[in-house]
Amino acid sequence: MRQSKIFIPTLKEVPNDAVVPSHVFMLRAGMMRPLGAGIYSFLPLGYRVAKKVMEIIRQEMDAIGGQEFHLPALNPREIWEETGRVEAFGDILFSVKNRDYVLAPTHEEIITYHARKVVRSYKEMPQIWYQIQTKFRNEPRPKSGVLRGRQFTMKDAYSLDSSWEGLDKSYALHDQAYRKIFTRCGLKFFVVGASSGAMGGSGSEEFMVNAQAGEDTVAHCEHCGYAANVEVATSRTPVVTRHPQSKANELIHTPNTKSIDELIAFLNIKEEECAKSRVYIIDEKPVLVLMSGNDEVNETKLQKALSSEPRPAHPEELAEITGADAGSIGPVGFKGRIIADLCLKEGNNLYSGANKNDYHIGGIDLKRDAEGIEYFDLRTVTSGEGCPSCGKEMQVFTAIELGHIFKLGTKYSDAMGATFLDEDGTEKPIIMGSYGIGVERVMACYIEQHHDERGIIWNKALAPFHIHLLGLNMKKEPVIKASEELYTKLTAAGYDVLFDDREAQAGFKFNDADLLGMPVQVIVGEKKLAEGKVEVKLRATGEREDVSLTELEAYIQKVLR
RNA sequence: CGGAACGUAGCGCAGCCCGGUAGCGCACUACCUUGGGGUGGUAGGGGUCGCGGGUUCAAAUCCCGCCGUUCCGACCA
């Protein structure tokens with residue numbers, strides 16, 4: 001493709017609205033343009049990448065026996081009423097105004113609808129049906145370019161099985177296919193599994209990548225692969241040691257010390273010697289939550305422990321309940337339920353608030369001074385703590401969900417009456433699974449993981465072109481001749497070549513090439529051409545090498561393997 | 001949906017406080033120049049200042065309403 005012909009509107013400056021790298025570069029490289037909040041048009045360069053991603057997905061889905069469908073985005077609302085998901089989705093579901101249709105945010109209902117009409121016998125299963133299509137979700141807050149949009153492309157697959165063992169098999173096939181897909185795309189990913197309870201249910205895995213633009217916070221152990229959403233993640237944290245002797249309570253005047261940091265500085269004690277207090281209101285009753293040192297209360301874990309929705313107490317409530325303001329609250333004399341993190345189990349000689357402003361109490365023995373105290377895992381893990389499964393250091397970071405595989409079971413087939421006749425002659429609901437991948441997210445995450453300050457760094461698998469051929473001075477006859485010949489030759493050799501045949505300054509072309517990020521740049525300049533050579537630059541490393549025209553093809557084959 | 005910011009040429013921005021001729025850089029057009037990291041110059045084209053209303057002799061500028069976009073939060077099958 002000649003760059004003088006293809007529409008690639010590159011931007012020198014960073015568009016005002018773009019913040020995360022993938023968004024900035026997709027706009028700057030002329031891959032896409034916005035049409036509205038969370039709505040993007042793909043331009044030729046961006047669409048080439050999308051097609052490569054979709055083709056990789058397609059190949060791996062076909063390899064596990066998937067069959068590609070093309071399903072309507074426009075769905076009769078009544079189908080969605082059958083499963084109660086009109087209500088479940090709420091405002092996320094787009095509705096058509098002048099007819100009773102909705103825009104499909106996913107396709108479980110449509111697949112189940114067809115399955116119920118078609119599938120009659122256990123003999124017709126298993127099936128894997130998939131589609132790669134546009135989905136619509138009325139996101140309250142679209143953000144980060146293509147990472148959270150109102151319209152996006154998704155590969156959705158659905159498995160139909162006659163037995164739970166069959167579902168396990170279909171699920172495992174998808175697990176393997178997903179690993180191949182993301183690996184082929186060059187993504188460094190990890191899997192948050194059901195064992196870690198990220199989704200709270202059984203039989204689901206999220207495929208995620210580490211990215212600053214991410215929306216989920218996860219704990220991940222590189223050594224053994226343990227990964228869990230920070231809402232449920234655990235770690236090996238030392239429990240406070242119980243001293244053989246419990247000291248007596250001691251009221252200490254601590255003016256202007258609200259935080260744990262201030263307290264340890266003021267009293268010259270260690271963080272582990274403090275018990276931090278948080279008051280929550282649960283079922284309209286106050287509960288004191290004690291954490292070791294500066295540990296953060298994990299409200300998801302708290303909710304699980306109390307099996308009820310907690311909310312932090314308001315400042316006025318604090319004063320009323322404890323007689324003190326936040327920063328001076330503690331277990332001694334607290335009227336109400338007291339629970340503590342496991343790290344504090346039976347701790348003694350601790351410091352905590354005195355329930356009297358500007359006072360703390362030392363020598364607290366939870367066993368002695370907090371009657372009826374209960375212990376739960378309530379803390380939020382942080383980077384550097386020990387992995388619960390292998391004990392090595394874990395990291396906590398934000399991540400983006402790229403794909404999700406899920407054992408649905410009979411939720412949809414039950415609701416919609418999609419049944420089959422089993423071998424024993426009984427009618428049973430079809431056992432289903434659903435498996436999604438966000439196509440734009442794969443592209444954007446790749447860029448999040450592979451860019452530098454100059455632009456994108458494509459690998460061969462996703463690059464819109466393999467080779468960027470730069471004719472440096474397109475007014476000089478030898479350069480024109482040589483670069484035109486190379487263009488023909490490399491194209492004939494099967495490479496996708498982007499030929500910068502524009503009449504522009506060398507620096508202009510170099511900067512554009514680095515921004516667009518094709519893996520290999522072949523630079524045709526007058527001086528080196530006189531020696532029968534061209535320069536080959538590898539985008540990933542910045543390495544440049546002069547290669548003679550006769551050896552060029554072999555050289556490219558080597559670096560672009 | 002709560003909090004905040006922004007909306008002026010294709011893009012990035014100044015002008016607004018203190019009302020009076022709409023500006024800068026890049027991009028674009030023509031010509032010259034340069035030709036291995038966004039070359040230098042000359043001459044040009046391009047604007048309902050987001051929309052609507054109000055105040056005023058006069059509004060990009062002040063006031064009210066709306067819309068749009070982004071950021072933080074809530075939400076995220």
Side-chain angles (χ1 to χ4, degrees), chain A residues 9-20 23-24 27-28 30 33-40 80 83-93 102 104-109 135-145 147-150 152 154 156 198-201 204 206 213-217 229 231 299 311 399-401 404-406 408 411-412 415 434-436 438 441 453-455 470-480 483 500 502-515 521-530 533-537 542 544 546:
Chain A
T10 57
L11 260 27
K12 187 152 46 171
E13 286 171 291
V14 177
N16 190 23
D17 290 341
V19 176
V20 304
H23 190 195
V24 169
L27 292 172
R28 284 196 53 208
R33 283 290 184 267
L35 189 63
I39 313 173
Y40 293 89
W80 287 81
T83 55
R85 285 176 108 200
V86 170
E87 201 172 85
F89 270 108
D91 199 45
I92 296 290
L93 191 65
V102 298
T106 172
H107 280 83
E108 279 85 1
E109 277 77 359
K135 314 256 165 167
F136 301 86
R137 290 181 198 186
N138 186 22
E139 290 291 344
R141 189 182 156 198
K143 59 183 283 199
S144 307
L147 285 173
R148 178 168 289 275
R150 294 213 166 111
F152 53 95
M154 195 162 163
D156 245 346
M199 288 298 295
S204 92
E206 288 175 80
E215 301 184 312
D216 297 310
T217 306
N229 196 299
E231 289 182 357
E299 293 188 9
R311 70 162 172 84
I400 299 172
E401 180 187 341
H404 196 172
I405 61 178
F406 206 98
L408 293 175
K411 180 177 172 188
Y412 296 91
S434 104
Y435 317 88
R441 280 190 177 185
E453 65 291 341
R454 304 186 58 79
L470 311 183
L472 283 197
N473 185 344
M474 293 305 283
K475 276 184 175 163
K476 301 283 183 179
E477 192 53 41
V479 176
I480 298 173
S483 52
D500 193 344
R502 298 172 300 176
E503 282 194 15
Q505 294 281 130
F508 181 92
K509 294 189 176 192
F510 288 141
N511 283 326
D512 254 8
D514 287 346
L515 173 62
Q521 296 173 17
V522 175
I523 301 157
V524 183
E526 215 181 355
K527 283 175 207 151
K528 283 174 186 165
L529 205 54
K533 288 180 175 172
V534 292
E535 182 175 303
V536 179
K537 174 178 165 181
R544 302 142 177 273
D546 294 342

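Treat the numbers as computed from the prediction; the structure is a model and nothing was measured. Chain letters run A, B, ... following the sequence lines, proteins first and then strands; every chain starts at 1.
Remark: the A/Glu503 side chain and the B/rG35 base include no donor-acceptor N/O pair separated by less than 3.5 Å. With hydrogens and angles ignored, a donor-acceptor pair under 3.5 angstrom links the side chain of A/Asp514 to the base of B/rG37. If you check distances only, the side chain of A/Asn511 does reach the base of B/rG37 with a donor-acceptor pair under 3.5 Å.
Looking at A/His404, A/Lys411, A/Glu108 one by one, the single match for side chain to side chain contact (heavy atoms under 4.5 Å, CB included) with A/Ser434 turns out to be A/Glu108.
When the side-chain nitrogen and oxygen atoms of A/Asn16 are compared with OP1 and OP2 of B/rU70, none of them lie within a distance under 4.0 Å. Between A/Gln505 and B/rG35 there is no side-chain polar atom (N or O) within less than 4.0 angstrom of OP1 or OP2.
Ranking B/rC71, B/rU70, B/rG36 by closeness to the A/Asp17 side chain, first place goes to B/rU70. Looking at the side chain of A/Ile523, the nearest of the listed nucleotides B/rG36, B/rU70, B/rC71 is B/rG36. Proximity note for A/Arg141 (side chain, C-beta onward) versus B/rG12, B/rC71, B/rG36: the nearest is B/rC71.
Mapped onto RNA chain B by nearest heavy atom, A/Leu529 and A/Leu11 fall at different nucleotides, with A/Leu11 at the one closer to the 5' end. Two residues, A/Glu401 and A/Arg150, neighbour RNA chain B, and the one matched to the more 5' nucleotide by heavy-atom proximity is A/Arg150.
Two residues are said to be in side-chain contact when any heavy atoms from C-beta on lie closer than 4.5 Å; A/His23 and A/Tyr40 meet this criterion. Residues A/Val522 and A/Leu470 are not in side-chain contact: their nearest non-hydrogen atoms beyond the backbone lie 4.5 Å or more apart.
For A/Asn138 and B/rC1, the CG to C1' distance is 13 Å, given to the nearest whole Å. Atoms CZ (A/Arg311) and P (B/rA74) sit 17 Å apart, rounded to a whole Å. Atom-to-atom, CD of A/Glu526 to C1' of B/rU34 comes out at 13 Å; the value is rounded to the nearest Å. B/rU39 atom P lies 7 Å from atom NZ of A/Lys12, rounded to whole Å.
A salt bridge is absent between A/Asp546 and A/Lys533; no separation between the charged side-chain nitrogens and carboxylate oxygens falls under 4.0 Å.
Among the heavy atoms of the strands lying under 4.0 Å from A/Lys475 is at least one base atom, whether or not backbone atoms are also near. Within the 4.0 angstrom heavy-atom criterion, no nucleotide atom of any strand lies near A/Ala88. As judged by a 4.0 angstrom heavy-atom cut-off over every strand, A/Pro34 is placed among residues making no nucleic acid contact. Note on A/Leu472: a base of the nucleic acid sits closer than 4.0 angstrom, heavy atoms only.
In terms of heavy-atom proximity, A/Thr10 sits nearest to A/Asp512 at OG1-OD1, 3.2 Å.
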